Amino acid sequence: MDVFEELSAYVQQGRAKNVKELAEKALDEGKPAKDILEKGLLLGMSIIGEKFKNNEVYVPEVLVAARAMNAGMEVLKPAMVDADIESKGKAVLGTVKGDLHDIGKNLVRIMMEGKGIEVIDLGVDVAPEKFIEAAVENDAKIIACSALLTTTMSMMKDVVALADEKGVHGKIKVMVGGAPVTQNFCEKIGADFYASDAASASDIALKICLQ
Amino acid sequence: MEGLYSSADRLILDFNTISGINCSTVDLTVPNSAGTFYATGFCNACSRLQQTSLGSLKCENINIYSCLQSERWGGKYECLCPAGLAFINTTISKGEEEKLGISAGPFIMTEIGEVTEDLKGMFGEKFNAELLAEAKKLPVIECSKVSTYADVLFMLSSYMVERNSIEMRILEQLAQNESEQFYQIADIKNTKAENYSYPIESEKMLQNYIMQGDKTASQKVLNEILGHIFFCSGGNFNIIKARTTELIVLLSRAAIAGGADVVEVFGLNYDYLNDIHNCKTLDELNKWLSNVLIRFTSAVFDVRTMKHSDIIMKIIDYVRHNYMRKITLNDISNHVNFSVSYISRIFKDEMGSNMMQYINKVRVDNAKLLLLNNDIPLIEVAYLCGFEDQTYFNKVFKKITGISPGKFRDKRGQI
């Protein structure tokens with residue numbers, strides 16, 4: 001078993017401590033952080049996701065696997081950020097009100113930070129007012145919101161509407177993402193950008209900041 | 001509220017005894033009610049540390065939220081607290097006014113070593129021996145058993161308050177629907193956008209399942225179709241409503257084709273098309289559509305009204321699983337252990353057609369689906385559906401549908 005397979009297995013078993021140690025070891029051996037993330041941590045998580053879909057495992061298994069993955073990502077974070085990269089701008093990030101699913105969001109945070117963007121992570125279940133307040137307060141250029149449920153994604157519309165109402169939309173761009181969200185939906189609610197995954201979210205964010 | 005609290009006390013005592021997990025309650029009818037959370041030594045120690053180093057994390061709010069979430073997901077909700085410890089949540093209620101959240105936890109789902117790592121990460125230098133000692137007292141529940149504990153807690157609580165189990169099952173079905181639709185959307189997004197097309201075949205499948213009165217299979221296909229509708233409409237509620245209205249028409253025609261009473265179906269149709277205007281959210285629409293589907297599939301044939309329902313069901317089930325092979329009346333008679341003449345008579349009486357006609361109908365229904373796939377030659381469709389030669393297949397198909405299999409394929413099933 002190579003180190004990536006081993007990492008994936010530990011993520012699936014929810015063994016955060018082992019994941020952390022092994023990720024550190026892999027970094028020391030000179031394995032690229034991107035590979036450790038994609039071939040190890042994310043692969044393990046997607047296998048658990050598939051098992052969950054097929055009713056082979058239940059919520060608790062997913063919870064511990066996600067926790068183990070987060071532990072691994074914390075280790076990778078410094079390696080994903082270029083040491084002397086200067087701050088390109090700020091983004092406010094969170095999952096919308098009613099949505100507690102943060103696996104994808106955490107990934108976006110790390111990817112954005114890797115591009116030199118300063119991320120203000122508001123966490124999960126964030127009300128529209130909080131998104132706007134935090135963006136204005138921190139002089140952020142981007143509000144990035146994520147939703148996993150078809151029932152919570154309509155909250156994004158409220159975020160855009162409030163940004164319009166407060167007259168900050170335009171100065172602050174709204175980016176949306178998450179499993180049920182589509183380009184079509186993004187346009188319908190008047191959001192500025194749709195990101196299909198964490199990597200493109202960070203690409204788009206960088207582009208906005210450099211404009 | 002007193003009655004409810006005493007039910008809760010009994011429940012908490014029972015659950016605590018079998019699981020070793022601490023339980024607490026919170027009044028969900030009062031805003032910002034603190035309840036009895038923080039009852040455990042661990043939570044006390046943790047919250048004292050939070051105040052000195054992190055500021056309060058509002059654990060009560062998270063617990064209240066989790067209890068309320070349980071109502072959405074079929075009665076139970078498992079989650080991790082900010083310190084990484086596990087909780088199981090449910091609710092008990094009496095009428096509309098009285099509602100208590102029940103929260104079982106904290107407990108450890110992994111192992112103590114993992115938890116101390118988490119706590120050190122969270123509190124840094126402030127992490128102290130007191131917290132460690134309290135953490136060591138917490139019960140450790142193997143991950144694979146947590147779902148079972150959650151089920152037990154939910155069942156105990158349902159028993160205590162005589163919960164309306166039908167309502168909970170509907171909720172569970174709705175949660176199931178939402179997740180199936182969600183996976184459908186994720187699947188569509190994973191295929192390249194330019195290759196995307198609306199699955200017109202799924203509509204045919206749905207019609208077929210409704211004709212057969214198969215509730216489970218029709219709900220599954222319906223979820224698939226809804227996933228596509230949500231995807232295409234970009235969440236625009238009015239478009240979703242319009243597409244749903246089309247679906248209702250489709251469902252009702254399939255029910256009639258399956259032998260449901262025309263007057264009854266048209267009556268239902270009228271009511272439903274009026275009702276759809278009252279749906280304001282996606283949740284409501286989903287719930288409403290599930291009900292419609294159940295009514296239509298039930299209208300196809302209601303076995304409860306049959307005198308010999310178990311034998312008939314057995315025959316139908318046998319035919320559905322063996323239509324691709326040669327079936328003789330003797331095979332069926334051996335399967336249900338009644339004579340050919342007896343089962344022939346009751347089948348004709350209850351179903352209105354003889355068994356051979358029914359077998360051919362099932363074969364033709366399945367042939368229609370296969371015909372929509374151009375990759376399968378006609379002769380193979382015939383064999384796959386249990387017809388021994390193509391001429392006979394053509395003859396039977398034309399007799400039942402009015403057109404030949406080849407024409408049916410050319411017209412993409414638009415008879």
Side-chain angles (χ1 to χ4, degrees), chain A residues 12-21 46 49-50 52-68 70-71 74 97-102 123-125 147-157 176 178-189 191 194 196-197, chain B residues 61-62 65-66 69 72-73 76-80 82 84 86 88 109-111 113-118 121 141-151 174 176-190 193 226-227 230-237 239-240 281-283 286:
Chain A
Q12 291 172 54
Q13 294 159 13
R15 310 194 75 90
K17 217 171 149 188
N18 298 72
V19 169
K20 231 157 123 180
E21 284 163 7
S46 75
E50 191 63 27
F52 180 71
K53 180 180 166 184
N54 297 327
N55 286 328
E56 289 165 45
V57 300
Y58 300 96
V59 176
E61 282 88 348
V62 179
L63 286 177
V64 295
R67 185 178 146 276
N70 275 335
E74 286 302 318
K97 199 173 162 79
D99 213 314
L100 286 180
H101 304 83
D102 65 353
V124 296
D125 192 22
L148 190 77
L149 305 170
T150 45
T151 40
T152 51
M153 63 193 264
S154 58
M155 269 294 155
M156 294 175 164
K157 197 173 164 182
V176 294
V181 180
T182 60
Q183 177 68 41
N184 201 344
F185 175 76
C186 163
E187 287 162 18
K188 289 253 163 66
I189 62 166
Y194 158 69
S196 56
D197 54 40
Chain B
N61 290 350
I62 296 169
Y65 183 84
S66 306
Q69 281 290 308
R72 253 198 91 195
W73 302 108
K76 54 202 185 273
Y77 190 79
E78 300 109 329
C79 65
L80 297 177
I88 303 170
M109 243 187 330
T110 46
E111 54 187 53
E114 301 257 336
V115 172
T116 40
E117 280 292 298
D118 273 0
I141 311 277
E142 218 177 289
C143 202
S144 56
K145 290 184 184 159
V146 172
S147 296
T148 312
Y149 275 109
D151 282 341
L174 286 176
Q176 170 83 13
N177 289 352
E178 179 162 3
S179 87
E180 283 181 11
Q181 289 158 18
F182 157 77
Y183 282 123
Q184 187 60 39
I185 296 174
D187 280 351
I188 300 171
K189 283 173 71 176
N190 284 334
L226 288 175
F230 294 160
F231 176 79
C232 296
S233 61
N236 182 321
F237 194 57
I239 296 181
I240 293 176
T281 65
L282 220 50
D283 263 352
N286 233 329

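Small disclaimer: the values here were computed from a predicted structure and weren't measured.
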Requested in this report: Measure across B:Leu80 and A:Leu63 and return the closest heavy-atom pair with its distance rounded to 0.1 Å.
Outcome: CD1-O, 4.0 Å

Query raised in the report: What part of B:Thr110 gets closer than 4.5 Å to chain A, counting heavy atoms only: side chain, backbone, both or neither?
Result: side chain

Report summary line: Note: vs chain A, highest number of non-hydrogen pairs under 4.5 angstrom among B:Glu117, B:Glu114, B:Met109 is B:Glu114

Query raised in the report: Which atom pair, heavy atoms only, marks the closest approach of A:Pro60 to B:Ser147?
Result: CD-OG, 3.5 Å

Requested in this report: To the nearest 0.5 angstrom, please state how far the SG atom of B:Cys143 sits from the OH atom of A:Tyr58.
Outcome: 12.5 Å

Query - Most chain B-contacting option - heavy-atom pairs closer than 4.5 Å, from A:Leu148, A:Val57, A:Asn18 - result: A:Leu148

Query raised in the report: If you measure from the Lys or Arg side-chain nitrogens to the Asp or Glu carboxylate oxygens, is any gap between A:Lys17 and B:Glu111 under 4.0 Å?
Result: no

Report summary line: Ranked by heavy-atom pairs below 4.5 Å to chain B, first place among A:Ala16, A:Ala66, A:Pro180 goes to A:Ala16

Query raised in the report: In terms of heavy-atom pairs under 4.5 Å with chain B, which of A:Lys188, A:Glu61, A:Arg67 leads?
Result: A:Arg67

**Report entry** Part of B:Tyr77 within contact of chain A (heavy atom distance under 4.5 Å)
**Finding:** side chain

Report task. Against chain B, label A:Lys157 side chain, backbone, both or neither, depending on which of its atoms sit under 4.5 Å from a heavy atom there. Result -> neither

**Report entry** Atom group of B:Asn286 that falls short of 4.5 Å from chain A, counting heavy atoms
**Finding:** neither

